[in-house]
Each structure stands twice: as structure tokens, then as C-alpha cells.
Asks: 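Let me begin by handing over the structure; questions about it come next.
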Amino acid sequence: MARSNSEPSRLAGHGPSTSDDFVTRVLEVVAAIPAGRVMTYGDVAAAIGSRAARGVGQVMAYYGSEVPWWRVIRASGHAVADHEAEALQHFRAEGTPIAHTRDGGYRVELRRARYVPSV
DNA sequence: AAGTTGACTTTCG
DNA sequence: TCGAAAGCCAACT
């Protein structure tokens with residue numbers, strides 16, 4: 001793991017160089033997603049004027065603890081890797097449209113739950 | 001400065 | 001519909 005974090009000063013805000021960086025913008029968009037709706041990593045990246053879908057994932061992996069990370073899923077409709085069970089609890093509580101697969105898994109119905117911040 | 005990694009996306013078979 | 005490969009972007013070493 002390369003991103004094992006060496007300086008969490010970003011959250012402390014004692015570094016002005018990170019006041020409006022990629023990280024902050026991603027958190028803003030994710031926090032703006034209403035309950036019962038979801039956005040793909042690519043959509044979040046596009047919302048901030050970028051295409052770094054993976055970059056969004058990096059931010060979520062570290063700062064996700066402060067935002068509704070479960071509302072950010074993959075373009076395939078699958079929830080966040082290694083946290084599907086956790087996300088499912090939130091989806092059921094928020095009424096997010098879910099499609100259960102025959103192999104015991106599940107996937108979000110992007111067609112219905114996809115949220116587009118056109119405002 | 002260059003290389004590696006990652007909670008991704010899209011295209012091809 | 002599913003699986004593998006290539007592509008892209010940002011952050012860390």
C-alpha cells in the first residue's frame with residue numbers, strides 16, 4: 001500500500017495548500033448526495049470537473065469515515081469493495097432500490113437510484 | 001523526477 | 001451477462 005498516509009494534516013486544516021484540493025471537493029459532493037440515492041465514482045469525479053474515478057476512491061478510503069461513502073458505488077452497480085455488507089444496511093434503511101443476485105450478493109439499481117447534481 | 005499503487009471505468013471477447 | 005485487458009487520474013515513495 002502506497003497510500004498508507006504519512007500526514008493526516010489535511011483534516012486538521014493546518015495546511016493551506018490543501019484548502020481546495022481534490023480531496024475537499026470530493027467530500028463536498030459525496031456529502032451532498034441525498035439519502036436513497038447513489039452516485040458512481042466517475043460521476044463524483046465529473047461533478048468536480050475531473051475524471052479521476054480512482055482518485056475519488058482514494059479519498060473515500062481515507063476520509064470516507066466522515067461522509068456517506070455507501071452512497072458512492074461503482075459504475076457496475078456493485079457497492080464499495082470489501083464493504084458491501086456494511087453498505088447494504090444503509091441502503092435498506094434509506095430505501096435505496098436494491099436487486100438481489102442469485103449467488104447471495106446484491107447490486108444497486110443505478111437506473112433508479114443514480115443521483116445527478118444538476119444543481 | 002520517475003515509478004508504483006489504488007474503495008475505478010470502459011471496451012472487447 | 002460475465003470475465004479479462006487497457007486506459008486514466010491523483011497521491012505517495
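Both backbone and side-chain heavy atoms feed into the values below; hydrogens, waters and symmetry mates do not.
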Asks: Can you list, by residue number, the residues of residues 68-80 of chain A that have a non-hydrogen atom closer than 4.0 angstrom to DNA chain B?
Replies: A/Trp69, A/Arg74, A/Ala75, A/Val80
Asks: Could you tell me whether a side-chain N or O of A/Tyr115 sits under 3.5 Å from a main-chain N or O of A/Arg71, the two making a donor and an acceptor?
Replies: no
Asks: Output the rounded distance in Å from OH (A/Tyr63) to C1' (C/dA11).
Replies: 10 Å
Asks: Rounded at 0.5 Å granularity, tell me how far CD1 in A/Ile48 sits from CG in A/Asp43.
Replies: 11.5 Å
Asks: Which nucleotide sits closest to the side chain of A/Ala52: B/dT9, C/dA10, C/dA11?
Replies: C/dA10
Asks: Report the nucleotide, chosen from B/dC8, B/dA7, C/dC8, that has the shortest atom-to-atom distance to any side-chain atom of A/Met60.
Replies: B/dA7
Asks: Kindly say whether A/Ala79 contributes a backbone atom to a donor-acceptor pair with the side chain of A/Arg74 at under 3.5 angstrom?
Replies: yes
Asks: Any side-chain heavy atom of A/Val108 sitting closer than 4.5 Å to one from A/Thr96?
Replies: yes
Asks: Would you check if the side chain of A/Gln89 reaches a backbone N or O of A/Ala85 as a donor-acceptor pair within less than 3.5 Å?
Replies: yes
Asks: Mind calculating the distance between CG (A/Asp43) and C1' (B/dT10) to the nearest angstrom?
Replies: 14 Å
Asks: Would you mind telling me which of B/dG6, B/dT9, C/dA11 lies closest to the side-chain atoms of A/Tyr41?
Replies: B/dT9
Asks: Between P on B/dG6 and CZ on A/Phe22, what's the gap in Å once rounded to a whole number?
Replies: 17 Å
Asks: Nearest whole angstrom, please: distance from the P of C/dC12 to the OH of A/Tyr62.
Replies: 9 Å
Asks: Return the polar atom pairs (N/O with N/O) between nucleotides 11-13 of chain B and the protein under 3.5 Å, or none.
Replies:
none

Asks: Please compare A/Arg54 and A/Val59 by the position of their nearest nucleotide in DNA chain C and report the one closer to 5'.
Replies: A/Arg54
Asks: Can you tell me the distance, in whole Å, between the CD1 atom of A/Ile48 and the C1' atom of C/dC8?
Replies: 14 Å
Asks: Using atom CZ of A/Arg51 as one end and atom C1' of B/dC8 as the other, report the distance to the nearest whole Å.
Replies: 13 Å
Asks: Would you mind reporting whether A/Pro68 and A/Val30 have side-chain heavy atoms less than 4.5 Å apart?
Replies: yes
Asks: Give the dot-bracket string for DNA chain B, reading 5' to 3', where a pair is Watson-Crick or G-U wobble with both distances under 3.5 Å, ( ) marks pairs inside the strand, [ ] marks pairs crossing earlier ones, | marks a partner on another strand, and . marks unpaired.
Replies: .|||||.||||||
Asks: Any heavy-atom pair between the side chains of A/Met39 and A/Val29 that's under 4.5 Å?
Replies: yes
Asks: Do any N or O atoms from the side chain of A/Asp21 and from the backbone of A/Thr24 form a donor-acceptor pair under 3.5 angstrom?
Replies: yes
Asks: A/Glu86 versus A/Trp69: any side-chain heavy-atom pair under 4.5 Å?
Replies: yes
Asks: Quick one: A/Arg102 CZ to C/dT1 C1', roughly how many Å, whole number?
Replies: 9 Å
Asks: Look up atom OH in A/Tyr41 and atom CD1 in A/Ile73, then write down how far apart they are to the nearest 0.5 Å.
Replies: 9.0 Å
Asks: Side-chain contact test, heavy atoms from C-beta onward, threshold under 4.5 Å: evaluate it for A/Glu109 versus A/Ile98 and give yes or no.
Replies: no
